[in-house]
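If you're wondering where the values come from, they're calculated on a predicted model, not measured in any experiment. Just so it is clear: chains get the letters A, B, ... in the order the sequence lines come, proteins before strands, and each one is counted from 1.
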Amino acid sequence: MATIVLGVIGSDVHAIGNRILDYAFTEAGFNVVNLGVLTTQKEFIQAAIETDARAILVSSLYGHGEIDCRGLREMCIEAGIGDILLYVGGNLVVGKQEWEPVRDKFLKMGFDQVFPPGTMPAEGIAMLKQDLGVS
Amino acid sequence: MALILLADVGSTWTKLTAVDSNGSIVGQASAPTTVGTDIMEGFNSALSEIRGQTGSKEYSIYACSSAAGGLGMIACGLVPELTGQAAKLAVLGAGAKVLQVYGYNLNEDDLKEIDDLRPDILLLAGGTDGGNKKILLENTQALADKVSPLPIVLAGNRNAIHQGSEILSRAGFSVEVTSNVMPELNRLDIEPAREAIRNLFMSHIVKAKGMETLSRRLAAPLIPTPAAVLAAGKLLAQEMGELLLVDIGGATTDVYSYGGIETPAGMVRKGIVPPWDMRTVEADIGMRYSLQSLVEQAGRENILAQAPHQEQWRQELDKILTYPNRLVSPGLEGLEIIIAQWAVRISVQRHAGSMERVYTPAGATDVLSGKDLRGMNTVIGVGGVMVNSPDPKGILTMDSKGLLPEKPRLMLDSKYIMAAAGLLAGSEPRVARRMLAESLAAL
Ligand code: B12
């Protein structure tokens with residue numbers, strides 16, 4: 001089954017959602033490489049290269065997602081894995097903001113899928129299977 | 001029962017130690033290593049001295065060697081901080097000298113350099129199991145195409161090593177296939193690779209004339225000297241708990257640690273979980289050939305700051321920097337002690353991991369990577385520099401900052417038998433323990 005890299009980006013220590021995602025994606029048959037909390041962009045990319053991952057799933061819960069995620073796609077391109085799927089979810093920005101502009105901002109940064117607060121793991125799993133063309 | 005003879009065929013000296021079946025040292029002798037002609041010459045001359053001391057003719061002989069440059073290896077991985085680091089740690093743990101480490105695809109310059117360096121063995125890793133296969137296979141192909149055959153240990157992605165082995169074998173390389181040094185991200189499994197390296201070492205690597213003659217007389221395969229030291233330390237750690245060995249040489253300083261891999265509560269670990277028994281080598285830290293770079297690292301003024309007579313020390317330092325083989329002038333041994341102290345500090349600092357405090361909106365969190373040496377309760381000085389120094393305690397004393405040992409007791413391998421004892425660690429652990437107990441002196 002496809003390998004995915006999972007982690008919570010930046011100085012974010014919210015660990016609970018990360019463990020749930022690890023469990024849910026593993027149950028769904030993915031080979032999950034979980035980097036846990038406090039993960040840097042570089043760690044995501046190095047892990048993806050070494051494990052030949054098909055997707056990187058980034059969580060950001062504490063409101064600084066925009067700063068932490070900026071440039072991730074460009075770094076993937078530099079590292080030779082520019083085609084990898086990038087997903088992001090959690091509480092991406094501070095407070096309750098209108099969703100559409102937030103999503104567009106992250107899509108523009110090069111993420112393939114952007115999930116709003118409170119997304120259930122099942123939604124992410126279904127989307128990933130679709131994007132990877134696996135069942 | 002026959003006495004046991006333990007030989008350490010070093011780069012300059014061949015040191016022999018004879019012990020009885022209780023581990024009591026009954027003879028010790030050394031002679032210059034004769035790599036130029038036949039290493040058996042030096043060995044036999046030390047042996048005749050031992051015979052004189054013990055009156056015995058029959059010995060069961062064990063040996064380690066670092067003669068003729070020791071076991072020189074190259075490590076290749078994919079991401080330098082991941083499988084590159086894993087490969088390097090495996091090479092060091094096998095007792096080899098790291099000539100070079102490469103990551104990602106080997107390019108033309110790398111291949112040329114490999115061909116020029118002519119390592120005894122090249123360890124090729126890359127990809128976690130089920131992970132990246134492409135780079136490992138491309139690297140095997142590149143080696144097959146551009147480098148003249150040499151012994152290879154293949155310890156990468158299990159889904160690529162067999163194909164890789166075929167490519168290399170077809171090109172005339174001797175290949176030992178073994179388990180991945182990093183089967184899962186950040187998890188090391190380097191013992192199988194170390195083992196494969198030792199196997200190749202004894203079957204393929206004849207470093208000097210006479211080595212084969214010696215090998216035929218041995219009760220167990222010849223191993224690299226650092227591998228014997230690593231084994232001795234392991235035996236000690238089983239009894240004494242977490243510990244650190246430091247061996248300052250002329251060209252390099254070796255540090256061995258046992259333990260320090262737990263993640264303390266409240267900390268987050270990042271990166272590779274280091275091996276429980278870990279060896280690192282600082283190639284730019286040594287008392288003779290690497291003195292220049294050691295002094296640069298320590299800072300000339302920092303060294304001189306501790307001098308009772310600055311000007312005298314300054315002149316002396318210039319002299320030993322210009323003539324590394326020159327002995328320190330009488331009365332100025334203090335300078336050498338300070339330099340050795342810096343060698344210990346720098347090497348142990350590099351061996352240790354790092355702890356970075358990240359300030360998050362919820363407060364500070366400590367992120368740990370590498371080894372946590374704070375719990376090392378013993379630090380043991382090993383090797384000639386320490387044994388011959390008037391102040392080994394001073395040399396081994398370090399500030400307990402960061403992840404360095406907090407309140408270690410300091411000890412000395414006073415009889416210089418660490419490597420010799422390590423030769424018996426596997427087959428005669430009881431004898432080895434007795435030897436170590438006899439040699440270890442509290443400082
Ligand atoms: C517990 C908690 C903490 C604990 C965390 C303990 C720990 N080690 O995990 C502590 C006390 C440390 C903490 C600290 C902070 N927190 Co807090 N915390 C929470 C709280 C109450 C619950 C988080 C949680 O575990 N939820 C349960 C899990 C299962 O849900 P989840 O994390 O959202 O993850 C799920 C989904 O989002 C989704 N998902 C997540 N990522 C991704 C990615 C993909 C690709 C997909 C498909 C899905 C997906 O799937 C996950 C599993 O179901 C939330 C409020 C809330 N009710 O959510 C605030 C909350 C997240 N914290 C918040 C804040 C502001 C902070 C602090 C900055 C300061 C503070 N107010 O205390 C610090 C930041 C610390 C840091 N450096 O990260 C805010 C964030 C606001 C924002 N983004 O605008 C929240 C929303 C509270 C609030 N309403 O203000 N927090």
Side-chain angles (χ1 to χ4, degrees), chain A residues 1-16 18-19 22 26 29-57 60-65 67-68 75-76 78-81 83-84 90-91 93-95, chain B residues 76-87 103-105 107 125-138 155-160 180-188 263 266-273 354-369:
Chain A
M1 200 25 148
T3 297
I4 60 170
V5 172
L6 177 70
V8 185
I9 199 164
S11 311
D12 195 335
V13 298
H14 292 91
I16 302 155
N18 171 262
R19 284 196 209 114
D22 186 347
T26 305
F30 289 96
N31 173 31
V32 180
V33 175
N34 188 4
L35 303 176
V37 299
L38 294 171
T39 298
T40 61
Q41 290 195 358
K42 189 171 163 191
E43 286 171 317
F44 276 111
I45 289 165
Q46 292 183 332
I49 293 173
E50 200 75 75
T51 63
D52 209 15
R54 311 266 318 262
I56 296 177
L57 274 61
S60 177
L61 285 311
Y62 70 158
H64 305 289
I67 304 172
D68 290 341
M75 229 167 119
C76 287
E78 282 291 346
I81 55 166
D83 295 339
I84 197 166
N91 307 310
V93 289
V94 177
Chain B
C76 294
L78 173 46
V79 176
E81 290 90 338
L82 299 171
T83 47
Q85 178 69 1
Y104 304 112
N105 278 103
N107 74 7
T128 53
D129 284 346
N132 186 293
K133 295 192 276 194
K134 190 168 162 277
I135 309 275
L136 181 68
L137 291 176
E138 287 172 358
N157 183 354
R158 65 189 293 275
N159 303 101
N180 196 345
V181 286
M182 187 185 279
E184 285 167 35
L185 193 81
N186 289 335
R187 186 168 72 79
L188 293 183
T263 309
M267 285 197 194
V268 177
R269 178 179 276 289
K270 285 287 161 187
I272 293 181
V273 180
S354 65
M355 187 167 56
E356 197 194 345
R357 181 150 288 189
V358 290
Y359 292 93
T360 77
T365 306
D366 290 322
V367 178
L368 172 74
S369 51

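For the atom pair CG (B/Asn186) and CG (A/Leu35), the distance works out to 7.0 Å, reported to the nearest 0.5 Å. In this structure, the separation between CG on A/Leu38 and CD on B/Glu356 is 9.5 Å, given to the nearest 0.5 Å. Put simply, CG on A/Asn34 and CG on B/Leu185 are 10.5 Å apart, with the number rounded to the nearest 0.5 Å.
With a 4.5 Å cut-off on side-chain heavy atoms, B/Glu81 and A/Lys42 count as touching. Between A/Thr51 and B/Asn132, the closest side-chain pair of non-hydrogen atoms is not below 4.5 Å.
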*I would like to know whether A/Ile49 and B/Leu78 meet side chain to side chain contact (heavy atoms under 4.5 Å, CB included); could you show each step before the answer?*
CA-CA 8 Å; A/Ile49 293 173; B/Leu78 173 46; 3.9 Å; yes
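Side-chain polar atoms of A/Thr40 and B/Lys270 form no donor-acceptor pair below 3.5 angstrom.
Ranked by heavy-atom pairs shorter than 4.5 Å toward chain A, the options B/Val268, B/Val358, B/Thr83 are led by B/Thr83.
In this structure, the portions of A/Gln46 lying under 4.5 Å from any heavy atom of chain B include both its backbone and its side chain.
Scanning both residues, B/Leu82 and A/Glu50, for their nearest heavy atoms gives CB-OE1, 3.3 Å.
Within a 6.0 Å radius of CZ in A/Arg54, no more than 12 heavy atoms belonging to other residues, nucleotides or ligands are found. Within 6.0 Å of CZ on B/Arg187 lie more than 12 heavy atoms contributed by other residues, nucleotides or ligands.
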